[in-house]
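Step one of this worksheet: look at the structure below.
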There are 2 protein chains.
Amino acid sequence: MVTLAEVAQHAGVSASTVSYVLSGKRSISAATRQRVERSIRELGYHPNAGARALASSKSNIIALMVPLRTDMYVPVMMEIAIAVATTARTHGYDVLLLTGEEGPDAVRRVTASGLADAMILMDVELDDERLPLLRDAGGPTGAKPGVGEDRPSVLIGLPASTSGLTCVDLDFGAAGALCVEHLAMLGHRDIAVIGEAPAVYERHTGFAERTLDGLRSRARDLGLRALHRPCEGGYDAMAVTLARILDERPGTTGFVVQNESAVEPLLALLRQQGRAVPEDVSVIAVCPDQVATQASVRLTSVAIPAQEMGRRAVELVVAKLDGRGTDEVVLIPPELTVRGSTGPVPSAS
Amino acid sequence: MVTLAEVAQHAGVSASTVSYVLSGKRSISAATRQRVERSIRELGYHPNAGARALASSKSNIIALMVPLRTDMYVPVMMEIAIAVATTARTHGYDVLLLTGEEGPDAVRRVTASGLADAMILMDVELDDERLPLLRDAGGPTGAKPGVGEDRPSVLIGLPASTSGLTCVDLDFGAAGALCVEHLAMLGHRDIAVIGEAPAVYERHTGFAERTLDGLRSRARDLGLRALHRPCEGGYDAMAVTLARILDERPGTTGFVVQNESAVEPLLALLRQQGRAVPEDVSVIAVCPDQVATQASVRLTSVAIPAQEMGRRAVELVVAKLDGRGTDEVVLIPPELTVRGSTGPVPSAS
DNA sequence: CTGAAAGCGCTAACAT
DNA sequence: ATGTTAGCGCTTTCAG
């Protein structure tokens, strides 16, 4: 194994010079730099991660905690995780993959051992048990005098109280409002909201509620009636839910769907009932673009910007590690894309 | 930050004693052990990962390289990744998430820096450019005399040549054969195989070809005719593909589908054409159980055991790290579950 | 069964 | 602009 000392010897300089060439933390004459770089290349030197971490008390690793549960829409998580990993690399960090399984203990373990310099948490619950740990061990505010004690974190998703925390999320409230506006503009007055599985609401993940709040309040403003029904997803559950909705509000002409596994069943059922989309009813979804474009009908939708969420989370956490950056809540503005599933409300006939 | 030395002092023992209590590498009197453990608890001590890695030349980290591309069925990857992470934890390892983006360089970087002790690679291509690196730097065979130079790896998937490599995968050949046997048993003579997107075949990922080979050879043995057509997935592509198949082989009564995004479109199209499943035609899929059970028809399927693949990969890699374990190819036997989408061939009428 | 002490490879003062 | 050197916190001989 090639060590820094060997590189130094080979290049005829001191160890610290090699170190500084690597880190760029002090100016090096072009000549020396080149000799050192040449030696590094010729010897095939790779700095030892452990030694570095020990000497600098920085591991250059960001821990990413993903939910163990897989009842959320998985591709979104994967996309976020991949975006986190690639963005982290562009900032010189690697990503450690933690599952929610260990819970708060994982936070302590990874944080206290110096395994990771910072954490990104996905799928935060409104009153997450990991939050207290994060609050007092992270951020410029909470920085202890002792070196390297600071372990900043960023949440993807919003807990009930964000004080002392940094969070990134889609502005689901605005997303809900956007859906209503679009339908209202097309003349729809009676809309139904097909939501996530009841379990999602019970777990208090927040995003579903926020969508609903935004949606209802805008519906109120615009004078629309909105009926909300959670739905497990899948054909059977969707069939039941749809029947109930149409029973209660036969005049429903617009559907907002926030549940990837309900999208296709809904479209199939509507088709089967002879309700044409978008001629008879309009459907708008809050879902990743991929789902919207690959459905049997190209769906008008508000996108869930998975990549951007991952990227922003990394940028925030890196900013904190660099001493820039503050506790803040970044709500990504939703974007609505009109595709083929929404249209003007049918004229009464 | 609490150090081992502080624990030692607090417990009134030497540093090495604390270390040995932690590692269990030599016998400690019950009395001392308890005093040490108490100090550890009271002080809230967590061993420093960097120092450990440096002193022991083991990071206790396994790198997992996932494909950047997301045209594969994502939930399976996620499930594998999560299984890898949780299984690794039970063996005392953490998981570093690498994307394919960096390619071979990532292997070198992570391996040479000692960041990870071993690697698991997903989505290996038949002639993957990372393989040479892995072959000569890993495994009991390739162990260099110098300590800690050995970086074992395990592939999830099979490359063209597996010599000097350890691999885990579903036995896709057997899976294909199983599908044919099931259909043959039900009396089907003309079957169509709806495969992955052409890109998957072109990329030479292997698994799709292996399924097909197993399927065709068994079809030959049993005297069935099998027509294979790749398919992009999605409604439009599936419609075209289906039309061609029925045009060329109007007598087709059995479908084998290996493409998650073609499953639902196929079912919808069959329904639309008035072909009842399983009365008129049988459909069998090679897909994760979740897909099979959540489709609009409960599908008879051969499962893709994502969790088991992840778990096995970790177990193999840990065995290698422990000096047990050999280069071997683990092919997981496929299991066929009969659900509602297959039945006897309709009697000629 | 326990201690003492020599590194592991690198970083970051402190020198010059 | 470069060299010297003292650790970083832990593991692991070597001694007892």
Side-chain angles (χ1 to χ4, degrees), chain A residues 1-37 39-40 43-61 92 109 111-115 117 146-149, chain B residues 1-37 39-40 43-61 92 109 111-115 117 146-149:
Chain A
M1 183 212 183
V2 189
T3 71
L4 183 151
E6 297 175 301
V7 174
Q9 188 171 10
H10 181 105
V13 298
S14 75
S16 60
T17 299
V18 177
S19 176
Y20 284 119
V21 168
L22 255 25
S23 68
K25 286 190 180 169
R26 77 181 184 192
S27 40
I28 302 283
S29 75
T32 353
R33 153 170 291 112
Q34 302 198 336
R35 260 183 313 131
V36 170
E37 280 166 350
S39 299
I40 289 179
L43 300 183
Y45 168 71
H46 285 267
N48 180 288
R52 256 194 176 169
L54 177 54
S56 66
S57 21
K58 306 190 327 82
S59 65
N60 278 287
I61 289 178
R109 183 174 64 82
T111 251
S113 67
L115 222 193
D117 297 332
V147 55
E149 289 293 88
Chain B
M1 182 210 183
V2 187
T3 71
L4 183 152
E6 297 175 300
V7 174
Q9 187 172 12
H10 181 105
V13 298
S14 75
S16 59
T17 297
V18 177
S19 177
Y20 284 118
V21 169
L22 254 25
S23 69
K25 286 190 179 169
R26 79 181 183 192
S27 39
I28 302 282
S29 73
T32 340
R33 151 170 294 110
Q34 303 200 333
R35 260 185 312 132
V36 171
E37 281 167 349
S39 300
I40 289 179
L43 301 182
Y45 169 71
H46 285 268
N48 179 289
R52 264 201 166 161
L54 177 55
S56 65
S57 19
K58 304 189 330 79
S59 64
N60 278 288
I61 288 179
R109 184 173 64 82
T111 250
S113 66
L115 223 192
D117 296 333
V147 53
E149 288 294 85

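What you see below is based on every heavy atom in this structure, not just the backbone, and it leaves out hydrogens, waters and symmetry mates. Just so we're on the same page: letters track the sequence lines, and every chain starts at 1.
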| task | Note down the inter-axis angle between the two ends of the helix from C:dC1-D:dG16 to C:dT16-D:dA1, five pairs each, to the nearest 10°. | result | 30°

| Which part of the nucleic acid, if any, lies within contact of B:Val18, taking any heavy atom under 4.0 Å across all strands shown: a base, the sugar-phosphate backbone alone, or nothing? |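 Nothing: the residue B:Val18, judged by heavy atoms under 4.0 Å, touches no strand.
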
| query | A:Ile28 near the nucleic acid: base, sugar-phosphate alone, or nothing, with a heavy-atom cut-off under 4.0 Å? | reply |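 It contacts sugar-phosphate atoms only.
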
Take atom [atom1] of [X] and atom [atom2] of [N], then tell me their distance rounded to the nearest Å.
X       : N      : atom1 : atom2 : result
A:Arg52 : D:dG9  : CZ    : P     : 19 Å
B:Lys58 : D:dC10 : NZ    : P     : 16 Å
B:Leu4  : D:dG9  : CG    : P     : 11 Å

| field | Where chain A begins and ends its contact with DNA chain C, read 5' to 3' at 4.0 Å from heavy atoms | value |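 The contacted stretch runs from C:dG9 to C:dC14.
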
| Position toward the 5' end of DNA chain D (nearest nucleotide), A:Ala51 or B:Leu22 |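 Going by which nucleotide is closer to the 5' end, it is A:Ala51.
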
| field | Intermediate values then yes/no, side chain to side chain contact (heavy atoms under 4.5 Å, CB included), B:Asn48 and B:Met1 | value | CA-CA 9 Å; B:Asn48 179 289; B:Met1 182 210 183; 3.4 Å; yes

Any chance you could measure [X], atom [atom1], to [Y], atom [atom2], to the nearest 0.5 Å?
X       : Y       : atom1 : atom2 : result
B:Leu54 : A:Arg52 : CG    : CZ    : 13.0 Å
B:Leu4  : B:Ser16 : CG    : OG    : 9.0 Å
A:Glu37 : A:Thr32 : CD    : OG1   : 10.0 Å

Distance-only criterion, 3.5 Å: show the donor-acceptor pairs between side-chain atoms of residues 19-28 of chain B and protein atoms not counting sequence neighbours.
from    : atom 1 : to      : atom 2 : distance (Å)
B:Ser23 : OG     : B:Ser19 : O      : 3.3
B:Ser23 : OG     : B:Lys25 : N      : 3.3

| query | Is it true that a side-chain atom of A:Ser113 and a backbone atom of B:His46 form a donor plus acceptor pair closer than 3.5 Å? | reply | no

| query | Is there a side chain to side chain contact (heavy atoms under 4.5 Å, CB included) between B:Val2 and B:Val7 once you walk through the steps? | reply | CA-CA 8 Å; B:Val2 187; B:Val7 174; 4.1 Å; yes

| message | Which residues pass the salt bridge (Lys or Arg N to Asp or Glu O under 4.0 Å) test with A:Glu6, not counting sequence neighbours? | response |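 Counting only residues at least two positions away or on another chain, A:Glu6 forms no salt bridge (Lys or Arg N to Asp or Glu O under 4.0 Å).
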
| request: Could I get the full list of side-chain hydrogen bond (donor to acceptor under 3.5 Å, both in side chains) partners for A:Thr111, not counting sequence neighbours? | output: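 Not a single residue meets the side-chain hydrogen bond (donor to acceptor under 3.5 Å, both in side chains) criterion with A:Thr111.
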
| Smallest separation among heavy atoms of A:Leu115 and A:Ser59, with atom names | O-OG, 2.8 Å

| Closest approach of A:Gly50 to B:Ala53 (non-hydrogen atoms, all atoms of both residues) | CA-CB, 4.0 Å

Are any protein N/O atoms closer than 3.5 Å to N/O atoms in nucleotides 12-16 of chain D? If there are, list each pair with its distance.
from   : atom 1 : to      : atom 2 : distance (Å)
D:dT12 : OP2    : B:Lys25 : NZ     : 3.1

